[in-house]
Amino acid sequence: MKFDFVPLWVSFRLGLLVTILALLAMTPLAWYTVRKDTPLRRFFESLLVIPLSLPPTVLGFYILLCWSPRFFPGKALGAMGFSLPFTFLGLVVACTIAHGPHMYQSLRTSFARIEGDLWNASLLLGKGPVETFFRIVLPLSRRGIISGVLTTFLHTLGDFGLVLMIGGSIPAETRTISIALYEQVEKMNYAVAHRYAAVLIGISFLGVYVLSKLQKES
Amino acid sequence: MGLTVHLTKTLKTTSETIPLAFALTLGGGERKGIMGASGSGKTTLLRMIAGLIRPDSGIIRWNQQIWYDENHWVVPNKRKVGLMFQHHALFPHLTVEENIRYGAAKGCDVQELLHMGELEKRRNHYPFQLSGGERQRVALLRTLAYKPEILLLDEPFNALDRGTKTRLLSWVQEIFEYWKVTLLMVSHENSELDSLCTEICSVEDLRALHKKWEKMAEGRNSKTYGAINTNGISPLPGTYVWELPSEKPERLYV
């Protein structure tokens with residue numbers, strides 16, 4: 001069997017969508033938790049970050065249970081015409097829950113480093129909070145954003161357990177490059193398996209290289 | 001007219017609770033300095049006026065507009081207050097010119113400001129490439145470019161060597177004369193306030209102040225304390241602002 005580019009494309013699309021979703025969802029959350037240090041923050045933060053410490057299969061199992069028609073979220077999704085298990089959309093949602101916290105942590109660390117008086121100085125130069133966020137906070141968090149984007153993308157790309165639990169291995173839909181690699185190993189097609197692995201190693205190396213460069217710069 | 005401030009605020013640090021009370025008036029075009037030791041609440045006062053800290057009670061009024069009382073709260077970006085921070089708070093990702101241009105009011109000539117600060121050659125430099133004195137000048141020019149109605153300076157000459165400080169002081173003095181700035185400045189150094197302000201107040205610890213009052217009240221009538229109470233503000237333990245030069249308790253700024 002030859003090298004199939006479709007799983008690579010599925011993985012790439014998945015990684016890209018999860019990263020964009022995580023960036024959009026985690027940016028306001030991270031900023032909010034940096035600005036408002038309420039007693040609920042730790043509880044909320046622990047809840048958000050817990051997927052990072054769970055085995056992917058455990059997380060996948062409970063996400064699947066949530067989506068089953070026996071429970072409310074599944075029922076509600078069904079009523080709206082959504083069925084998430086074993087679909088690409090389901091993978092995107094599950095991977096955002098599982099790997100979005102990488103984005104959150106990276107952004108939060110970056111936001112927290114910004115001196116509070118820079119924010120105040122901008123307000124006192126007549127700029128509103130939204131303009132200040134885009135003109136001061138975001139540019140100063142550039143490294144944190146890039147690092148969050150890379151870690152979220154790489155973790156999504158390399159995910160195996162969760163993707164298998166949630167999506168199975170439907171060609172051109174949920175069969176990612178990690179799953180394709182696993183299947184080739186099972187079939188003892190080592191030559192193709194090596195190629196899939198080489199692609200993953202190459203992308204990971206590039207990502208880690210950029211991350212270490214960013215760390216050195218900061 | 002001008003600025004009227006009557007505020008109370010309780011500061012909570014890890015080791016103690018410090019109740020503060022302030023009363024202050026500042027006419028348009030006036031330049032007032034507040035002197036006091038570190039930790040006496042000077043910075044808190046400026047930040048409350050700027051809207052960065054919410055007071056516990058009282059009122060802040062600028063001309064006819066109420067910035068703060070129990071029913072009003074004007075956000076900092078709508079107050080037209082310029083605050084120069086103790087550590088400058090220059091935007092590190094912007095050049096000197098971009099920093100000054102950031103909040104510049106319409107019609108503000110940034111080139112002229114760069115010229116005034118002798119910063120033309122530094123216009124494309126970033127804050128980390130500047131000396132302490134240059135950063136100071138950029139911070140002041142950035143605040144002036146916004147054309148604030150009140151300028152608040154928080155220990156602006158801290159951490160500068162004596163030579164730089166002297167040069168800067170005379171430069172700032174000229175600018176203030178030229179721009180007719182309404183200024184409230186805090187510092188723990190009398191010499192800085194002397195050269196820039198037309199009036200100086202002091203923040204003192206109330207316990208020390210009580211002793212001072214008692215001494216001064218000896219042989220005088222008891223209006224000393226009455227003046228405070230008729231203002232509706234009873235003496236609180238903590239820090240009070242009062243006017244220094246006359247040392248008359250009747251003119252106490254609580």
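All chains are named by letter (A, B, ...) in the order of the sequence lines, taking the proteins before the strands, and each is independently numbered beginning at 1.
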Proximal component of R135(A), with respect to chain B [non-hydrogen, under 4.5 Å]: both

Pick one of side chain, backbone, both or neither for F85(B), based on which atoms fall under 4.5 Å of a heavy atom in chain A.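 Side chain only.
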
Tell me whether [X] at atom [atom1] has more than 12 heavy atoms from other residues, nucleotides or ligands lying less than 6.0 Å away.
X: Q65(B); atom1: CD; value: yes
X: F88(A); atom1: CZ; value: yes
X: R41(A); atom1: CZ; value: yes
X: F134(A); atom1: CZ; value: no
X: F86(A); atom1: CZ; value: yes
X: Q173(B); atom1: CD; value: yes

Hey, are the side chains of [X] and [Y] touching, using non-hydrogen atoms and a 4.5 Å cut-off?
X: L140(A); Y: F91(B); result: no
X: H93(B); Y: I136(A); result: yes
X: L118(A); Y: P92(B); result: yes
X: N120(A); Y: R47(B); result: yes

Greatest number of heavy atom pairs closer than 4.5 Å to chain A - which of V75(B), L52(B), N77(B):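 Maximum pair count with chain A is reached by N77(B).
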
Heavy-atom closest pair, residues K127(A) and G103(B):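 Minimum heavy-atom separation between K127(A) and G103(B): CE-CA, 4.2 Å.
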
A50(B) and L124(A): which non-hydrogen atoms are nearest, and at how many Å? O-CD2, 3.6 Å

Distance check, rounded to the nearest 0.5 Å: L83(B) atom CG versus L125(A) atom CG?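 The distance works out to 9.5 Å.
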
For chain B, find which of G128(A), S122(A), P139(A) contributes the most heavy-atom pairs closer than 4.5 angstrom. S122(A)

